[in-house]
Amino acid sequence: MNIAANIADELETPNADGAIAHALFAEAPDSVSFNKLRKRLLRNVRQAFDDFAMLKGQTRWLIGLSGGKDSYGLLALLLDLQWRGLLPVELIACNLDQGQPNFPKHILPEYLTKVGVKHRIEYRDTYSIVKEKVPEGATYCSLCSRLRRGNLYRIAKEEGCDALVLGHHREDILETFFMNFFHGGRLASMPAKLLNDEGNLVLLRPLAYCAEDDMAKFAAAMQFPIIPCDLCGSQDGLQRNAMKDMLADIERRMPGRKDTMLRALAHVNPSHLLDPKLFDFAGLMAGETAPKSE
């Protein structure tokens, strides 16, 4: 499929009812710049679909909706593609209310009902658990994320979904890579597609190729009712923030490096690294056929 060539024509084609877009886009800007942004994001999402076979055998997706710019953007892009018959799966939005103080419980259900999106709001007080378990001054992100993910897996199974879909973008993937690189001593990041331990649910990240700056511009143009995170988002000195600042500085000095880094994660040469579990260094001997790098 030539995604770059087809996306523009497909976005201008009305659906069977003669509408040009999902109701969620009813108040979206009708400007050249916004349309270019929207097409670029949709092209990136469809490229991720193709590269990681995200549509293979999938019929029903649970979309994790936090109320942040990225999850709103993910929902909008997937609904846009579904509206045009380019995403043949059923979509269910799910927000996990984690019991954070002053969380505006009404915003998401009111918004989702307004735009006609099937959804489920689940309450689980993981906030108290995180506050109890994490020492004073330490960051909450890791435990909070694990608790949230476990609940979303459970909900996805209860809803009969075969995939949990999350809104992590290019920068999330790069930041995670460098956090593991600098602090974990390993080369690893967020995979665009992951099978859970039980083997009965796939985790997907369709925004893997989407830039955070594009997602922020998209959210602002769409005027999503953003809900800030007052738990981890209020903490200073997070390792992830340091990685974000480092990547932003590199991009300022050498534009285009983020895309280059992302491409590097997709072009790995084990024979030029140092992991004997991935490459048979012991089998490398002069005068013999060298083992091939996979």
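Worth saying up front: this structure is predicted, and the values here are computed from it rather than measured. Values reported hereafter were calculated over all heavy atoms of this structure, with side chains retained and with hydrogens, waters and symmetry mates removed.
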Inset, instruction - Check the hydrophobic clustering (I, L, V, M, F, W, Y; side-chain heavy atoms under 4.5 Å; chains of links allowed) and say if Leu42 and Val165 are grouped together. - result: yes
Legend entry - Of all pairs that satisfy salt bridge (charged side-chain N to carboxylate O under 4.0 Å, His left out), the ones with a partner from residues 172-183, not counting sequence neighbours: Glu175-Arg240, Glu175-Lys244
Legend entry - Linked, directly or transitively: Met254 and Met261 (ILVMFWY side chains, under 4.5 Å): yes
Legend entry - Salt-bridge present (Arg46, Asp50; N to O < 4.0 Å): no
Legend entry - Same cluster (ILVMFWY, side-chain, under 4.5 Å), Leu81 and Val117: yes
Legend entry - Aromatic plane relationship, Phe181 with Phe177 - under 30° parallel, 30 to 60° tilted, over 60° perpendicular: parallel
Legend entry - Phe34: ring pair (Phe, Tyr, Trp, His ring centres under 6.0 Å) partners, not counting sequence neighbours: Phe218
Legend entry - Partners meeting salt bridge (Lys or Arg N to Asp or Glu O under 4.0 Å) with Asp162 (sequence neighbours left out): none
Inset, instruction - Mark yes or no for whether Lys258, through its side chain, and Leu247, through its backbone, hold a donor-acceptor pair below 3.5 Å. - result: no
Inset, instruction - Quick one: pull up CD1 in Ile63 and CG in Leu152 and give me the separation to the nearest 0.5 Å. - result: 12.0 Å
Legend entry - NZ (Lys105) with more than 12 external heavy atoms under 6.0 Å: yes
Legend entry - side chain to side chain contact (heavy atoms under 4.5 Å, CB included) against Asp197, all qualifying residues, sequence neighbours excluded: none
Inset, instruction - Locate the shortest heavy-atom distance separating Met222 from Ala28; write the atom from each residue and the value. - result: SD-CB, 3.6 Å
Legend entry - From CG (Leu108) to OG1 (Thr113), nearest 0.5 Å: 10.0 Å
Inset, instruction - Would you please say whether a donor-acceptor pair under 3.5 Å links the side chains of Glu198 and Asn196? - result: yes
Legend entry - Short N-O contact, Lys217 and Asp213, less than 4.0 angstrom: yes
Inset, instruction - State, with a plain yes or no, whether a side-chain heavy atom of Val202 is found less than 4.5 Å away from one of Leu164. - result: no
Legend entry - Rounded distance (nearest 0.5 Å) linking atom CG of Leu207 with atom CG of Leu74: 4.5 Å
Inset, instruction - Evaluate the criterion side-chain contact (heavy atoms from CB on, under 4.5 Å) for residue pair Asn151 and Glu122; output intermediate values, then yes/no. - result: CA-CA 9 Å; Asn151 276 286; Glu122 180 87 1; 5.5 Å; no
Legend entry - CD1-CG distance between Ile92 and Leu62, expressed to the nearest 0.5 angstrom: 6.5 Å
Inset, instruction - Identify the heavy atoms of Gly64 and Leu166 that sit nearest to each other, and give their distance. - result: CA-CD2, 4.3 Å
Inset, instruction - Test side-chain contact (heavy atoms from CB on, under 4.5 Å) on Tyr209 and Leu262 and set out the steps. - result: CA-CA 8 Å; Tyr209 296 149; Leu262 197 69; 3.7 Å; yes
Legend entry - Under 3.5 Å: donor-acceptor pair, side chain of Ser189, backbone of Ile173: yes
Legend entry - Side-chain heavy atoms of Leu65 within contact of His119, under 4.5 Å: no
Legend entry - Within one Ile-Leu-Val-Met-Phe-Trp-Tyr cluster: Ile226 and Ile107, side-chain cutoff 4.5 Å: yes
Inset, instruction - Take Arg38 and Asp80 through the side-chain contact (heavy atoms from CB on, under 4.5 Å) test and state the conclusion after the steps. - result: CA-CA 10 Å; Arg38 175 167 154 248; Asp80 201 1; 2.9 Å; yes
Legend entry - Leu203 vs Tyr153 side-chain heavy atoms within contact, under 4.5 Å: yes
Legend entry - Note, Gln239 side chain near Phe182 side chain (heavy atom, < 4.5 Å): no
Inset, instruction - Would you indicate whether Glu27, at its atom CD, is surrounded by more than 12 heavy atoms from other residues, nucleotides or ligands within a distance under 6.0 Å? - result: no
Legend entry - 4.5 Å side-chain heavy-atom contact, Glu171 and Met215: no
Inset, instruction - Would you indicate whether the side-chain heavy atoms of His183 and Asn180 approach each other to under 4.5 Å? - result: no
Inset, instruction - Please name all residues satisfying ring pair (Phe, Tyr, Trp, His ring centres under 6.0 Å) with Phe103, sequence neighbours left out, ordered by chain then number. - result: none
Legend entry - Pairs flagged by ring-ring contact (aromatic ring centres under 6.0 Å, His included) wherever residues 54-78 is involved - sequence neighbours left out: Phe49-Trp61, Tyr72-Tyr111, Tyr72-Phe224
Inset, instruction - Taking all non-hydrogen atoms of both residues into account, name the closest pair between Leu55 and Pro88 and its distance. - result: CD1-CD, 4.3 Å
Inset, instruction - Compare every heavy atom of Lys69 with every heavy atom of Ala219, then report the nearest pair and how far apart it is. - result: CB-CB, 3.6 Å
Inset, instruction - Give a yes or no on whether Leu96 and Leu112 share a hydrophobic cluster (residues Ile, Leu, Val, Met, Phe, Trp, Tyr; joining criterion: side-chain heavy atoms under 4.5 Å apart). - result: no
Inset, instruction - Tell me, with the steps shown, if Leu273 and Val268 meet side-chain contact (heavy atoms from CB on, under 4.5 Å). - result: CA-CA 9 Å; Leu273 296 174; Val268 180; 4.1 Å; yes
Legend entry - Check: Leu79 and Gln82 side chains under 4.5 Å, non-hydrogen atoms: yes
Inset, instruction - List the atom of Leu274, the atom of Pro276, and the distance in Å for their closest heavy-atom pair. - result: O-CD, 3.2 Å
Legend entry - Validation row: Asp259, Arg170 side chains within 4.5 angstrom (heavy atoms): yes
Inset, instruction - Work out which heavy atom in Asp70 is nearest to a heavy atom in Gly167; give both atom names and the distance. - result: CB-O, 3.3 Å
Inset, instruction - Measure the spacing between NE2 of His168 and OG of Ser71 and express it to the nearest 0.5 Å. - result: 10.0 Å
Inset, instruction - Look up atom SG in Cys94 and atom CD1 in Ile121, then write down how far apart they are to the nearest 0.5 Å. - result: 7.0 Å
